[in-house]
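We number each residue from 1, following the sequence as shown. As a basis for the values below, the full set of heavy atoms in this structure was taken, side chains included, without hydrogen atoms, waters or symmetry mates.
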Amino acid sequence: MDNISREPPLTLPHYLFIFATVYLLWLLLVGELSRHELILGGLVSLVVTLVSAPHLLIFGGVKLRIDAPLHLLRYLGYFFVALIRANLDMARRILSPSLPINPSMVAVETGLRSTLGRLMLANSITLTPGTLSVDVKGNRILVHWVDASPGVDLEAATREIAAGFERHLGGFLR
């Protein structure tokens, strides 16, 4: 990943988002809502947010809009379906006697501008069997694809591998 220094600076809403995320994680880990845990969790979350803020510029890529959680849920649903389809496709290829694979390295292009957006897209590609993100440079992600058609171009690879993920990621990430 490159260009992390070009992330926009964090704003107060980003700090509040980080604080809320850490606080929610605290509450999930302790598993109770007693007054003692609520106060302690708030203090720990505040300290963690303030101490780690200089290292959290990557969160500048989060779009803090009212509909962002809805886009996140849509992305998770799309990712879950893509994950199941990719697993079934790989199982079919492995169980087939002819082993129908045509591995190749392809580049996909992304319109996501933030480091976090490109990171999430590359990880989404890697987590679906049959594709592996190898490198991210600028707006291009180099992907090892198990089923690349001979002579596949940038536009076709982008449409096949990344477009669906990117459409949903773009709702809550820059």
Side-chain angles (χ1 to χ4, degrees), residues 1-4 7 17-18 20-31 52 55-174:
M1 300 295 300
D2 57 356
N3 301 332
I4 195 163
E7 292 295 326
F17 170 75
I18 294 167
T21 303
V22 172
Y23 194 55
L24 179 64
L25 181 62
W26 173 273
L27 294 177
L28 291 173
L29 289 174
V30 297
S52 62
H55 308 288
L56 299 175
L57 292 177
I58 197 167
F59 283 101
V62 176
K63 292 179 182 174
L64 295 174
R65 300 184 327 201
I66 195 76
D67 62 344
L70 180 64
H71 288 288
L72 174 63
L73 289 176
R74 285 183 181 157
Y75 162 74
L76 291 174
Y78 181 84
F79 175 76
F80 184 69
V81 170
L83 185 64
I84 290 172
R85 288 177 51 201
N87 274 291
L88 292 174
D89 181 64
M90 286 305 297
R92 180 187 60 81
R93 291 176 192 280
I94 291 169
L95 295 175
S96 174
S98 64
L99 194 58
I101 62 171
N102 189 18
S104 181
M105 298 294 284
V106 296
V108 298
E109 194 168 53
T110 178
L112 296 170
R113 294 171 299 159
S114 70
T115 301
L116 183 59
R118 287 181 274 148
L119 176 70
M120 288 282 294
L121 179 60
N123 283 334
S124 299
I125 291 170
T126 294
L127 290 173
T128 51
T131 53
L132 176 68
S133 299
V134 177
D135 195 12
V136 178
K137 287 194 175 180
N139 64 347
R140 292 195 177 191
I141 302 172
L142 185 61
V143 177
H144 180 267
W145 191 10
V146 77
D147 188 32
S149 303
V152 67
D153 63 351
L154 176 68
E155 186 176 312
T158 299
R159 187 177 52 247
E160 287 283 325
I161 297 172
F165 292 123
E166 188 173 341
R167 185 178 66 239
H168 295 286
L169 287 170
F172 63 98
L173 297 174
R174 294 185 179 127

Enquirer: Do V134 and V143 come close enough that some side-chain heavy atom pair is under 4.5 Å?
Expert: no

Enquirer: Please check this pair: side chain of T21 against backbone of F17, looking for a donor-acceptor N/O pair closer than 3.5 Å.
Expert: yes

Enquirer: Is a side-chain donor or acceptor of R174 paired with a backbone partner of L116 at a separation under 3.5 angstrom?
Expert: no

Enquirer: When rounded to the nearest 0.5 angstrom, what distance separates CH2 in W145 from CG in D147?
Expert: 6.5 Å

Enquirer: Checking the side chain of S52 only, and the main-chain atoms of H55 only, is there a donor and an acceptor separated by less than 3.5 Å?
Expert: no

Enquirer: Rounded to the nearest 0.5 Å, how far does OG1 of T128 lie from CZ of R85?
Expert: 10.5 Å

Enquirer: Would you compute the distance between atom CG of L142 and atom CE of M105 and round it to the nearest 0.5 angstrom?
Expert: 3.5 Å

Enquirer: Please tabulate, for side-chain N and O atoms in residues 161-169, each donor-acceptor pair with protein atoms closer than 3.5 Å (sequence neighbours left out).
Expert:
from	atom 1	to	atom 2	distance (Å)
E166	OE1	T110	OG1	3.4
E166	OE2	T110	OG1	3.4
E166	OE2	G111	N	2.5

Enquirer: Measure from the side-chain N and O atoms of T126 to the backbone N and O of S133, and report whether any donor-acceptor pair falls under 3.5 Å.
Expert: yes

Enquirer: Which residues satisfy the side-chain contact (heavy atoms from CB on, under 4.5 Å) test with N123, sequence neighbours excluded?
Expert: L119

Enquirer: Say you draw a straight line from OG1 of T115 to CZ of F59; how long is it, rounded to the nearest 0.5 Å?
Expert: 12.5 Å

Enquirer: To the closest 0.5 Å, what do you measure between CZ (R93) and CD1 (I101)?
Expert: 8.5 Å

Enquirer: If every non-hydrogen atom of I141 is compared with every non-hydrogen atom of R118, which pair is closest and at what distance?
Expert: CD1-O, 4.3 Å

Enquirer: From I84 CD1 over to F79 CZ, what is the distance, rounded to the nearest 0.5 angstrom?
Expert: 10.5 Å

Enquirer: For the backbone of G170 and the side chain of K63, can you confirm whether one donor and one acceptor N or O come within less than 3.5 Å of each other?
Expert: yes

Enquirer: Determine the minimum heavy-atom distance between M90 and P129, stating which atoms define it.
Expert: CG-CB, 3.6 Å

Enquirer: Under the side-chain contact (heavy atoms from CB on, under 4.5 Å) rule, collect the residues that match up with P97, sequence neighbours excluded.
Expert: none

